[in-house]
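This report refers to the structure that appears directly beneath it.
When a ligand or atom number is given, it counts from 1 through the structure's own listing order. Remember, it's a predicted structure, so these values are computed and weren't measured experimentally.
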Amino acid sequence: MSPQPVGTGKVLVTGGGSGMGLAVAEALLRAGGRVAVTGRRVDRLEAVVHAWPGQAVALPCDLSSPSERQGLLARAREALGGLDGLVHSAGVVEHQPPGHISEEALRTQLEINLVAPLRLGEEALSVLEDGGGMVFIASTLAVRPLTTSAVYSAAKAGLLAAMRSLAMAGASRRIRANAVCPGVVDTEMVRAPRLSPGEAPPEGADLEKRISAQLAYLGALHPLGRLGKVEEVAEAVVHLLGAPWTTGTELVIDGGLLLRE
Ligand SMILES: NC(=O)c1ccc[n+]([C@@H]2O[C@H](COP(=O)([O-])OP(=O)(O)OC[C@H]3O[C@@H](n4cnc5c(N)ncnc54)[C@H](OP(=O)(O)O)[C@@H]3O)[C@@H](O)[C@H]2O)c1
């Protein structure tokens with residue numbers, strides 16, 4: 001087996017219990033890497049550890065808590081015996097149009113989608129091995145907001161700016177920072193019904209119908225005619241994590257979504 005590119009050997013993956021984070025963790029584990037998965041739902045993290053004994057470790061953490069996330073990379077380095085990479089996949093979205101943006105939704109989305117990854121990225125600069133890599137999952141909504149995505153879009157756009165700053169700061173030790181901007185990918189996040197202000201959440205069969213209609217609508221927005229798959233994003237993340245001469249950039253993986261007028 002050829003040696004793994006630096007950046008992909010020992011990696012901390014936030015949001016590693018579900019969706020794109022889980023797909024990234026599994027891709028790294030399949031390639032023989034060692035991975036620390038983090039998130040709040042311990043059962044999801046333990047399932048990864050159980051499936052990959054000796055290769056995966058669980059580090060439960062609520063990233064909205066500054067005291068819990070502080071030192072997370074150092075804990076991952078200790079658990080894995082070194083740390084080559086950070087993948088930040090944890091994220092939250094709450095669709096609310098201007099005039100209906102709750103203070104709580106504003107604070108939470110900024111904290112998880114911008115403040116936490118910036119803090120983790122800062123810690124990565126001192127904890128990652130020379131030549132290591134970080135990859136942040138941003139979104140096409142960073143560059144093309146919806147009426148309902150002001151906070152999420154602002155946070156993800158800020159994350160792209162922070163990523164470039166981290167890329168410059170890490171360059172002297174060949175530590176690279178990059179991002180991916182997915183279009184709509186079929187995960188739990190997209191299966192939450194998008195409600196109008198004051199609308200009661202549907203239940204039972206109505207909920208099922210609503211979600212299928214939502215997925216069909218979102219899929220059809222993409223010129224390539226469907227939603228993205230988590231594995232398609234994971235492949236790009238793993239590539240960026242180990243790409244030795246790529247830093248400060250974002251890779252759009254969106255089925256052509258941004259090509260639309
Ligand atoms: N799905 C899409 O269409 C899409 C498109 C573009 C970008 N993205 C971005 O892709 C990333 C992954 O999302 P996904 O689609 O894979 O959805 P997902 O399965 O819902 O993943 C989100 C992850 O974030 C973690 N998380 C949320 N709040 C957290 C907190 N306070 N502390 C620690 N972890 C927290 C969740 O774990 P716990 O609940 O266990 O804490 C979960 O594993 C996100 O950054 C999202 O913004 C998604």
Checklist entry - Under 4.0 Å from ligand 1, counting heavy atoms only, is it the side chain of Thr187, its backbone, both or neither? => result side chain
Checklist outcome for this item: protein heavy-atom neighbour closest to atom 18 (P) of ligand 1 works out as Ser18 OG, 3.6 Å
Next on the checklist: Please report the interatomic distance CD(Glu250) to OG1(Thr140), rounded to the nearest 0.5 Å.
Outcome noted: 11.5 Å
Next on the checklist: Among all protein heavy atoms in this structure, tell me which lies nearest to atom 3 (O) of ligand 1, with the distance rounded to 0.1 Å.
Outcome noted: Val185 N, 2.8 Å
Checklist entry - Considering only the protein, which heavy-atom contact is closest to atom 44 (C) of ligand 1, and what is its distance? => result Ser89 O, 3.0 Å
Checklist entry - Counting heavy atoms only, which of Ala90, Ser65, Ala23, Pro60 comes nearest to atom 35 (C) of ligand 1? => result Ala90
Checklist entry - To which protein heavy atom is atom 31 (N) of ligand 1 closest, and what is the distance rounded to 0.1 Å? => result Asp62 OD1, 2.9 Å
Checklist outcome for this item: shortest atom 28 (N) of ligand 1-to-protein heavy-atom contact is with Arg40 NH2, 3.2 Å
Checklist entry - With backbone taken as N, CA, C and O and side chain as the heavy atoms from C-beta onward, which portion of Lys156 lies under 4.0 Å from ligand 1: side chain, backbone, both, or neither? => result side chain
Next on the checklist: Considering Gly21, Gly15, Pro117, Gly16 one by one, which has a heavy atom nearer to atom 23 (C) of ligand 1 than any of the others?
Outcome noted: Gly15
Checklist entry - In the protein, which heavy atom is nearest to atom 32 (N) of ligand 1, and how far is it? => result Leu63 N, 2.8 Å
Next on the checklist: Taking a cutoff of less than 4.0 Å between a non-hydrogen atom of the residue and any ligand atom, is Val93 in contact with ligand 1?
Outcome noted: no
Checklist entry - Backbone, side chain, both or neither: what part of Cys181 comes under 4.0 angstrom of ligand 1, heavy atoms only? => result neither
Checklist entry - Which atoms of ligand 1 are found less than 4.0 Å from any heavy atom of Gly183? => result 3 (O), 5 (C), 6 (C)
Next on the checklist: Can you name the atoms of ligand 1, numbered from 1 with element, that are less than 4.0 Å from a heavy atom of Tyr152?
Outcome noted: 7 (C), 8 (N), 9 (C), 46 (C), 47 (O)
Checklist entry - Backbone, side chain, both or neither: what part of Val230 comes under 4.0 angstrom of ligand 1, heavy atoms only? => result neither
Item to check | Location of contacts on Val92 toward ligand 1, heavy atoms closer than 4.0 Å | outcome: side chain
Checklist entry - Under 4.0 Å from ligand 1, counting heavy atoms only, is it the side chain of Ala138, its backbone, both or neither? => result backbone
Checklist entry - Does Val190 approach ligand 1 within less than 4.0 angstrom via side chain, backbone, both or neither, non-hydrogen atoms only? => result side chain
Checklist entry - Nearest to atom 22 (C) of ligand 1, what protein heavy atom do you find, and at what distance? => result Gly91 O, 3.7 Å
Item to check | Arg119 CZ: over 12 foreign heavy atoms closer than 6.0 Å | outcome: no
